[in-house]
**Student:** 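Okay, handing you the structure first.
No hydrogens, no waters, no symmetry mates; every other heavy atom, side chains included, goes into these values. Proteins get letters first, then strands, A, B, ... in listed order; numbering begins at 1 in each.
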Number of protein chains: 2
Amino acid sequence: MEREEELKVVEDYMREKGLRWTSQRRLIADAAFSTHDHFSADDLLDMCRKLDDRVSRATVYRTLGMLEDAGFVEGLDTGDGGRKFEHVLGHEHHDHMVCTNCGTIIEFVDEELEARQEAAAKKFGFQIKTHSLKLFGACKDCRE
Amino acid sequence: MEREEELKVVEDYMREKGLRWTSQRRLIADAAFSTHDHFSADDLLDMCRKLDDRVSRATVYRTLGMLEDAGFVEGLDTGDGGRKFEHVLGHEHHDHMVCTNCGTIIEFVDEELEARQEAAAKKFGFQIKTHSLKLFGACKDCRE
DNA sequence: ATTGATGCAAAAGATTTGCAAACTG
DNA sequence: CAGTTTGCAAATCTTTTGCATCAAT
């Protein structure tokens with residue numbers, strides 16, 4: 001999906017909800033979608049300010065919250081009290097390995113893993129809507 | 001495993017590491033093991049203070065960190081910046097299915113799932129210390 | 001006696017909030 | 001215009017840290 005197209009999706013969502021499509025919301029969404037790297041709220045603030053320094057930290061947090069609620073962006077705990085976000089709109093599902101030493105995040109997909117989850121859920125008559133799998137530990141550069 | 005026995009395990013661990021077995025460490029470990037419910041650092045401080053109010057918040061955090069490092073207690077991010085801990089010593093590892101309708105939490109274990117995670121990590125040279133798998137959806141009483 | 005552990009209060013980091021001013025529909 | 005949204009700074013919340021004092025070995 002093109003960047004413009006993604007922004008349109010967000011704009012439509014906002015308008016449908018009766019929310020206003022302001023220049024800072026557009027800027028923040030644009031920055032958030034500009035990469036598939038994981039970014040902190042502060043990283044996002046920096047990205048925005050490179051383009052236009054009339055964006056406040058508060059607005060970044062407020063907008064990020066909306067994007068997360070809408071499912072356009074996903075926040076993940078880094079295990080040390082912080083959170084990183086990632087661009088989800090238009091991207092496939094994947095799980096994460098989080099290095100608790102350097103903070104690196106590795107994305108991976110394992111079909112077998114997905115299948116086993118379904119199997120486990122079936123045993124309990126549980127219907128999975130979404131799931132979150134995070135492996136915490138040391139990445140190959142940080143293990144001793 | 002009996003409570004006394006669990007405390008002995010912790011005491012032995014501490015002594016082996018050359019750490020001191022103080023009255024507050026015993027108190028904190030005792031409180032942390034008194035339940036299998038999830039508790040925050042603050043909850044734990046309260047639990048401790050009901051028994052003896054000569055425990056400081058700082059010591060609770062410091063001790064909780066050790067118990068976590070030792071694998072006696074496990075911390076989980078609550079997604080809102082906070083963390084909850086749970087008694088793990090003497091309890092089997094398990095993952096969670098969370099019913100987003102009624103809030104029921106089902107604990108489950110699947111050996112194959114555990115094995116696949118290790119396999120996936122190995123591919124990236126990643127060393128797993130802990131992991132968190134949560135399935136969100138509808139439990140059998142809530143699915144339509 | 002040593003040396004690690006504690007308590008306190010201050011510091012730090014991340015996120016939220018109150019409010020007047022600025023902007024959108 | 002009315003009602004939202006913004007920026008700023010102050011306020012929260014959770015966790016960590018410096019340091020003088022206290023206690024375990």
Side-chain angles (χ1 to χ4, degrees), chain A residues 7 10-32 38-46 48-49 51-70 73-85 98 100 103, chain B residues 7 10-32 38-49 51-70 73-85:
Chain A
L7 286 177
V10 178
E11 179 177 349
D12 290 347
Y13 167 87
M14 294 275 186
R15 292 195 191 285
E16 236 167 80
K17 287 245 171 186
L19 300 166
R20 291 174 182 177
W21 189 234
T22 64
S23 62
Q24 23 288 77
R25 284 180 183 173
R26 189 194 156 88
L27 187 62
I28 292 166
D30 199 12
H38 298 269
F39 53 84
S40 64
D42 214 60
D43 294 335
L44 186 56
L45 178 65
D46 286 344
C48 290
R49 287 205 163 144
L51 302 170
D52 186 332
D53 62 2
R54 280 167 305 172
V55 192
S56 70
R57 181 181 259 77
T59 298
V60 167
Y61 275 103
R62 287 187 274 233
T63 305
L64 212 32
M66 303 175 122
L67 295 177
E68 199 180 359
D69 286 343
V73 144
E74 194 170 287
L76 29 136
D77 293 300
T78 50
D80 64 327
R83 277 154 88 216
K84 294 257 176 167
F85 300 84
V98 183
T100 51
Chain B
L7 286 178
V10 179
E11 179 177 350
D12 289 348
Y13 168 87
M14 294 274 185
R15 292 196 191 284
E16 235 167 79
K17 286 243 170 184
L19 300 166
R20 291 174 184 178
W21 188 234
T22 64
S23 61
Q24 20 293 73
R25 283 181 184 172
R26 189 193 155 88
L27 186 62
I28 294 165
D30 200 13
H38 299 291
F39 53 84
S40 66
D42 214 58
D43 294 334
L44 187 55
L45 179 64
D46 286 342
M47 292 192 263
C48 289
R49 286 203 165 148
L51 302 171
D52 188 331
D53 63 1
R54 280 167 304 171
V55 192
S56 70
R57 179 180 262 80
T59 297
V60 166
Y61 274 104
R62 286 188 277 232
T63 304
L64 212 33
M66 303 176 122
L67 295 177
E68 199 180 1
D69 287 343
V73 143
E74 195 170 286
L76 316 162
D77 291 300
T78 50
D80 62 327
R83 278 154 87 216
K84 292 257 178 171
F85 299 84

**Student:** For the pair made of CG in A:Asp43 and P in C:dT15, what is the distance, rounded to whole Å?
**Tutor:**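 The answer, rounded to whole Å, is 11 Å.
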**Student:** Evaluate the side-chain proximity of A:Arg26 to A:Leu7: yes if any heavy-atom separation is below 4.5 Å, no if none is.
**Tutor:**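 A side-chain contact exists here, since the closest heavy-atom pair is under 4.5 Å.
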**Student:** Any heavy-atom pair between the side chains of A:Arg25 and A:Met66 that's under 4.5 Å?
**Tutor:**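 Yes, side chains in contact.
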**Student:** Do any side-chain nitrogens or oxygens of A:Gln24 fall under 4.0 Å of OP1 or OP2 in D:dG7?
**Tutor:**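 Looking at the OP1 and OP2 atoms of D:dG7, one of them is under 4.0 Å from a side-chain N or O of A:Gln24.
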**Student:** Give a yes or no answer on whether the side chain of B:Asp43 reaches the backbone of B:Ser40 with a donor-acceptor pair at less than 3.5 Å.
**Tutor:**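 Looks like yes, one N/O pair under 3.5 Å.
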**Student:** Of A:Ala58 and B:Thr63, whose closest DNA chain C nucleotide lies nearer the 5' terminus?
**Tutor:**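 First, find each residue's nearest nucleotide; the 5'-ward one identifies B:Thr63.
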**Student:** Between the base of C:dT3 and the side chain of B:Arg20, is there a donor-acceptor distance below 3.5 Å?
**Tutor:**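 Yes.
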**Student:** Would you say a side-chain N or O of B:Thr22 is under 4.0 Å from OP1 or OP2 of C:dG4?
**Tutor:**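 So the side chain of B:Thr22 is outside the cut-off, no N or O lying under 4.0 Å from OP1 or OP2 of C:dG4.
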**Student:** Given atom CZ of B:Arg49 and atom P of C:dG7, what is their separation to the nearest angstrom?
**Tutor:**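 Atom CZ in B:Arg49 sits about 8 Å away from atom P in C:dG7.
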**Student:** Kindly indicate whether the side chain of B:Phe85, heavy atoms from C-beta on, has any atom under 4.5 Å from the side chain of B:Leu64.
**Tutor:**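 Result yes, sub-4.5 Å side-chain heavy-atom pair found.
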**Student:** What's the closest nucleotide to the side chain of B:Tyr61 if the choices are C:dT15, D:dT14, C:dA5?
**Tutor:**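 Side chain of B:Tyr61 sits closest to D:dT14.
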**Student:** Figure out the CG/P separation between A:Asp77 and C:dG13, and round it to whole Å.
**Tutor:**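 It works out to 19 Å between those atoms.
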**Student:** Does B:Arg15 or B:Ala41 map to a spot on DNA chain D nearer the 5' end, using the closest nucleotide for each?
**Tutor:**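 Closer to the 5' end of DNA chain D: B:Ala41.
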**Student:** Between atom CZ in A:Phe85 and atom C1' in C:dA14, what is the gap in whole Å?
**Tutor:**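 Those two atoms, CZ and C1', are 10 Å apart.
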**Student:** Does a side-chain N or O from B:Arg62 land closer than 4.0 Å to OP1 or OP2 of C:dT6, or not?
**Tutor:**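 Result: no.
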**Student:** May I have the distance from A:Glu68 (atom CD) to C:dT16 (atom C1'), rounded to whole angstrom?
**Tutor:**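 Between C1' of C:dT16 and CD of A:Glu68: 15 Å.
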**Student:** Would you find a donor on one side and an acceptor on the other, under 3.5 Å apart, between the side chain of A:Arg49 and the backbone of A:Val55?
**Tutor:**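 Yes: the side chain of A:Arg49 pairs with the backbone of A:Val55.
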**Student:** Could you tell me whether B:Arg57 contacts a base, only the sugar-phosphate backbone, or nothing, with contacts defined as non-hydrogen atoms closer than 4.0 Å?
**Tutor:**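 It contacts base atoms.
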**Student:** Let me know the distance between CE of A:Met14 and P of D:dT4, rounded to the nearest Å.
**Tutor:**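 In whole Å, D:dT4 P and A:Met14 CE are 15 Å from each other.
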**Student:** Which nucleotide sits closest to the side chain of B:Arg25: C:dG25, C:dT17, C:dT6?
**Tutor:**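 Of the options given, the side chain of B:Arg25 lies nearest C:dT6.
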**Student:** In whole Å, what is the span from the CD1 atom of A:Ile28 to the P atom of D:dG7?
**Tutor:**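 Whole-Å distance recorded here is 8 Å.
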**Student:** Please pick, from C:dT15, C:dC8, D:dT6, the nucleotide with the shortest atom-to-atom distance to any side-chain atom of B:Ser56.
**Tutor:**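 So the side chain of B:Ser56 is nearest to C:dC8.
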**Student:** For A:Leu64 and C:dA14, what is the distance between atoms CG and P respectively, to the nearest whole Å?
**Tutor:**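 Result: 14 Å.
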**Student:** Let me spell it out: for each of A:Asp53 and A:Gly18, pick the nucleotide of DNA chain D with the closest heavy atom. Which residue's pick is nearer the 5' end?
**Tutor:**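 So the residue in question is A:Gly18.
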**Student:** What nucleotide, of C:dA5, D:dT15, D:dT25, holds the atom closest to the side chain of B:Trp21?
**Tutor:**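 Looking only at heavy atoms from C-beta outward on B:Trp21, the closest nucleotide is D:dT25.
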